[in-house]
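A short write-up of the structure that comes next.
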Amino acid sequence: MHHFVYKDGVLHGEEVNLEVLAAEVGTPFYCYSEATLRRHLRIFRKAFDDVDALIAYSIKANSNVAVIKILAEEGAGADVVSGGELKRARAAGIPAAKIVFSGVGKTHQELALALDEGIYQFNVESEPELDALNEIALSKAMRAPIAFRVNPDVKAGGHEKISTGKREDKFGIPWTRSRDLYSRASSMKGIDVKGVDIHIGSQISELAPFEAAFKKTAELVTTLRADGCVIERVDLGGGLGIPYGPNAIDPPHPDEYANMIKRIAAPLNVQLILEPGRMIVGNAGVLISRVIYMKDGDEKRFLIIDAGMNDLLRPALYDAYHDILPVSERTVGSACQDYDVVGPICETGDRFVRTHALPEMNNGDLVAIMSTGAYGAVQTSEYNSRPLIPEVLVSGALRAIIRVRPTIDDMLMRERMPSWLNDGRGVDPQPGRE
Ligand SMILES: *Cc1c(COP(=O)(O)O)cnc(C)c1O
């Protein structure tokens, strides 16, 4: 459920008319609904209300500080995958004691930063990372609280590029090595073993793969305890999918997901950590774009809109489907046409949807690309020298720009002409010094 609905024939974000907003902000832009963000976090939190659980929102799904702040107000912690995300989470008011740090390639600087911040848990993904963390912690006379991310070898996820829990994926430590690594880690002076972590993939629309992975994890906890390890937390990652269109499979409700988890975890007596991302923010955002041209090809009609794959990468990267709606509502029964909705980028892959039925559209019409709150704005780039598009938050009748659109001049300001291409007299900034 979300708060993007037609009122008086125009799509609104909560009480805000998106046609009016588009005229104010300029297109394209992302629009998020605060009420939807709060609602989703509350539904998820409530599903785990009766157990000891940390809901660590996965920052990478949507890392705008205003979005994080709203979720922090609802009690969320954070799952971060870089030093930058850690700083964002802290800047938005998430206490370090509610932050877990995932990722296969944490740098030494990032490990040191996270230790200094005093985060809740490092989800360690390899033996060399364990060694590095141990050394850095010892040099600071600290102990790093860790879980190993173990790879349960379970297939899951809506697309090959978002499956993370198969043996051949780069994530986590091999299941077969886990007992050895836990016993090594337990003897390290700079390491404090706290738990077990998994994350099997994203946009998962059925319970079965979760259940298979969680059962394996529960067995591992029992085994590790028998080996003498203290396991007091289990981090089950994220991955719960959302419905992306009217014909999509409805993913399990958070209550069903939670009940299955509680059934498996109850005998273990552990604190649970959950890392939902998409489920919280996905349906809380839309991308508003304007039709530049309606173009008739030999075989197809193309709707060329002013958003491109640099503004929303998911269709090109994952073959993802997003519903596209006209912002100005068409009367029921108005004739539909099949369009390929494409962007202006010089790439054939710059296509949002193929052969999509839409009411007759004209140059200048606005469209809303739905369910783009997750993995949308965070994946934007400036390809084709297109400025990053703004993000706007609506809350009731209020609206605010929460990321501003840079100008082309702002973009050019970041680049430098080396002295030898200029007049030979300039001083080049030293690498690493600027
Ligand atoms: C991406 C990611 C998540 C969030 O996944 P969603 O599918 O958005 O819920 C959680 N944990 C880790 C480690 C991740 O990499």
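Both ligands and their constituent atoms are indexed starting at 1 by order of listing. Side chains are part of it too, since the values below use all heavy atoms of this structure and drop only hydrogens, waters and symmetry mates.
- Protein heavy atom closest to atom 13 (C) of ligand 1, with residue, atom name and distance, is Glu275 OE1, 3.5 Å.
- Protein heavy atom at the shortest distance from atom 7 (O) of ligand 1 is Ser202 OG, 2.3 Å.
- At least one heavy atom of Asp79 lies less than 4.0 angstrom from ligand 1.
- For atom 8 (O) of ligand 1, the closest non-hydrogen atom of the protein is Tyr375 OH, 2.6 Å.
- Per-residue contacts place Arg149 under 4.0 angstrom from the following atoms of ligand 1 (heavy atoms of the residue considered): 13 (C).
- Within a 6.0 Å radius of NZ in Lys216, more than 12 heavy atoms belonging to other residues, nucleotides or ligands are found.
- Counting only N and O atoms by type, the side chains of Ser202 and Arg278 include a donor and acceptor under 3.5 Å apart.
- Here is the list of ligand 1 atoms found below 4.0 Å of a heavy atom in Gly277: 6 (P), 8 (O), 9 (O).
- The aromatic ring centres of Phe302 and Tyr339 sit 6.0 Å or more apart.
- The side-chain tip of Lys106 does not point at the ring of Phe122 from less than 6.0 angstrom away and within 45° of straight on.
- A distance of 6.0 Å or more separates the ring centres of Tyr6 and His12.
- Scanning all protein heavy atoms for the shortest distance to atom 2 (C) of ligand 1 gives Lys60 NZ, 2.3 Å.
- Ligand-side atoms of ligand 1 in range of Ser102: 13 (C), range being under 4.0 angstrom from any heavy atom.
- Heavy-atom distances between Gly239 and ligand 1 reach below 4.0 Å in at least one pair.
- The aromatic rings of Tyr30 and Tyr32 sit parallel to each other, their planes meeting at less than 30°, with 60° as the upper class boundary.
- Near Arg278, with a cut-off below 4.0 Å to any heavy atom, the atoms of ligand 1 are 6 (P), 8 (O), 9 (O).
- Counted by atom type alone, Glu275 and Tyr57 present zero donor-acceptor pairs between their side chains at under 3.5 Å.
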